[in-house]
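Working notes for the structure below.
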Amino acid sequence: MPSQMTKATLAAAGLSSASNVLAQFLEAYRDSRPFAFDVANFLRFVTVAFITAPPNYMWQQLLERTFPAYERRTLTGDVEKQNASGEDAPDRKPKLNLRNTLAKWFIDCITLGAIFNTVAFFVLMGILKMQSMDQIGSNVRNETIPVIVAGYKIWPFASIISFSCIPVEKRIVFLNFVGLLWGIYMSLVASRV
């Protein structure tokens with residue numbers, strides 16, 4: 001049976017595939033041209049998802065261990081296994097730890113997560129497009145802040161819901177589902193850089 005990380009990675013790749021195809025349709029419609037499936041564009045976008053999903057999954061695990069959304073006795077090791085085994089299943093419903101939820105939101109969505117994921121996207125996409133290091137650097141310098149600012153229109157809300165309502169083992173899948181729309185936007189960005 002595949003691990004939760006493998007399932008999350010496959011889900012991320014599937015949702016990235018769908019968002020890229022939808023973005024290609026939208027580009028063709030916007031440009032008033034017939035749709036022609038760009039296989040190279042599609043494979044680059046899905047490859048980035050395969051590369052970035054496992055570290056993002058581990059990042060979510062680290063955030064949950066460091067800042068548990070709900071009050072727990074002790075979190076050690078793999079959070080998803082602990083939750084699945086029922087080790088931390090008190091008789092009463094656990095209380096949401098608002099401070100930890102806001103800390104995760106700030107670290108993941110507003111600062112580190114947003115910066116690292118956006119830079120990783122431009123670097124990986126540039127490498128896959130065989131761009132020069134100068135071009136990749138230019139894309140990082142010129143596109144990172146606009147993409148992060150655009151992301152602030154969707155990701156803060158998705159992150160708060162994720163951190164407060166979604167079990168950690170389902171978090172990447174939820175965020176990738178929200179990311180279906182974001183992926184369309186990023187596919188459009190990828191086609192221009």
Side-chain angles (χ1 to χ4, degrees), residues 1-61 80 108-109 112-159 161-162 166 169-193:
M1 179 154 183
S3 71
Q4 290 294 329
M5 183 171 21
T6 301
K7 291 177 185 177
T9 300
L10 292 172
L15 290 166
S16 291
S17 299
S19 64
N20 183 266
V21 171
L22 289 169
Q24 288 190 43
F25 271 116
L26 288 174
E27 278 187 309
Y29 177 78
R30 180 191 65 201
D31 298 342
S32 299
R33 61 176 167 77
F35 174 74
F37 183 64
D38 184 341
V39 175
N41 182 341
F42 174 82
L43 291 175
R44 282 190 296 266
F45 203 74
V46 174
T47 299
V48 169
F50 270 114
I51 293 169
T52 59
N56 274 306
Y57 183 89
M58 291 184 288
W59 171 248
Q60 292 300 317
Q61 289 275 323
E80 78 186 41
D108 186 47
C109 186
L112 295 177
I115 293 166
F116 288 141
N117 277 312
T118 305
V119 170
F121 176 83
F122 288 120
V123 170
L124 290 170
M125 194 58 68
I127 290 168
L128 293 171
K129 286 183 171 185
M130 294 187 262
Q131 293 177 336
S132 69
M133 291 308 287
D134 287 342
Q135 180 62 50
I136 292 171
S138 175
N139 291 342
V140 168
R141 281 188 304 279
N142 297 325
E143 298 288 340
T144 298
I145 298 301
V147 166
I148 289 173
V149 169
Y152 287 161
K153 295 173 184 168
I154 186 172
W155 289 115
F157 307 107
S159 292
I161 291 168
S162 169
I166 307 296
E169 69 273 9
K170 306 272 191 240
R171 205 167 284 158
I172 292 297
V173 175
F174 169 77
L175 291 172
N176 275 288
F177 184 73
V178 172
L180 179 68
L181 294 175
W182 181 249
I184 293 170
Y185 171 75
M186 291 305 291
S187 285
L188 297 171
V189 169
S191 70
R192 77 167 190 251
V193 296

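Count residues from 1 along the sequence.
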- prompt: Do you know which two heavy atoms are closest between Leu15 and Leu180, and how far apart they sit?
  reply: O-CD1, 3.4 Å
field: Point-to-point distance, once rounded to the nearest 0.5 Å, from CD1 of Ile127 to CD1 of Ile51
entry: 8.0 Å
message: So, applying side-chain contact (heavy atoms from CB on, under 4.5 Å) with Asn117, which one of Val147, Asn56, Leu112 is it?
response: Asn56
- prompt: Can you find a heavy atom in the side chain of Leu26 that is under 4.5 Å from one in the side chain of Tyr185?
  reply: no
query: Would the number of heavy atoms belonging to other residues, nucleotides or ligands and lying under 6.0 Å from CZ of Phe157 be above 12?
result: no
Rounded distance [0.5 Å steps], CD in Gln4 versus OG1 in Thr9: 11.0 Å
statement: Tightest non-hydrogen contact, residues Gly151 and Pro156, listed as O-CD, 3.6 Å
query: Tell me the salt bridge (Lys or Arg N to Asp or Glu O under 4.0 Å) pairs involving residues 127-152, sequence neighbours left out?
result: Glu143-Arg192
field: Distance (rounded to the nearest 0.5 Å) between Glu27 CD and Ile184 CD1
entry: 11.0 Å
field: Exam field: side chain Ser19 to backbone Ser16, donor-acceptor pair closer than 3.5 Å
entry: yes
field: Minimum heavy-atom distance between Phe45 and Gly183, given as atom pair plus value
entry: CZ-O, 3.5 Å
query: With a 4.5 Å limit on heavy-atom distance, are the side chains of Ile136 and Phe122 in contact?
result: no
message: Return the CD1 to OG distance between Ile166 and Ser159, rounded to the nearest 0.5 Å.
response: 11.5 Å
Check: Val140 and Val123 side chains under 4.5 Å, non-hydrogen atoms: yes
query: Is it the case that Gln24 and Asn20 place a side-chain donor and acceptor less than 3.5 Å from each other?
result: yes
- request: Please say whether more than 12 non-hydrogen atoms of neighbouring residues, nucleotides or ligands are located less than 6.0 Å from CZ in Phe37.
  value: yes
message: Contact between Lys7 and Met1 at the side-chain level, heavy atoms closer than 4.5 Å - yes or no?
response: yes
query: Looking at side-chain heavy atoms only, is the closest gap between Met125 and Gln131 below 4.5 Å?
result: no
Heavy-atom side-chain contact between Asp108 and Trp155 under 4.5 Å: no
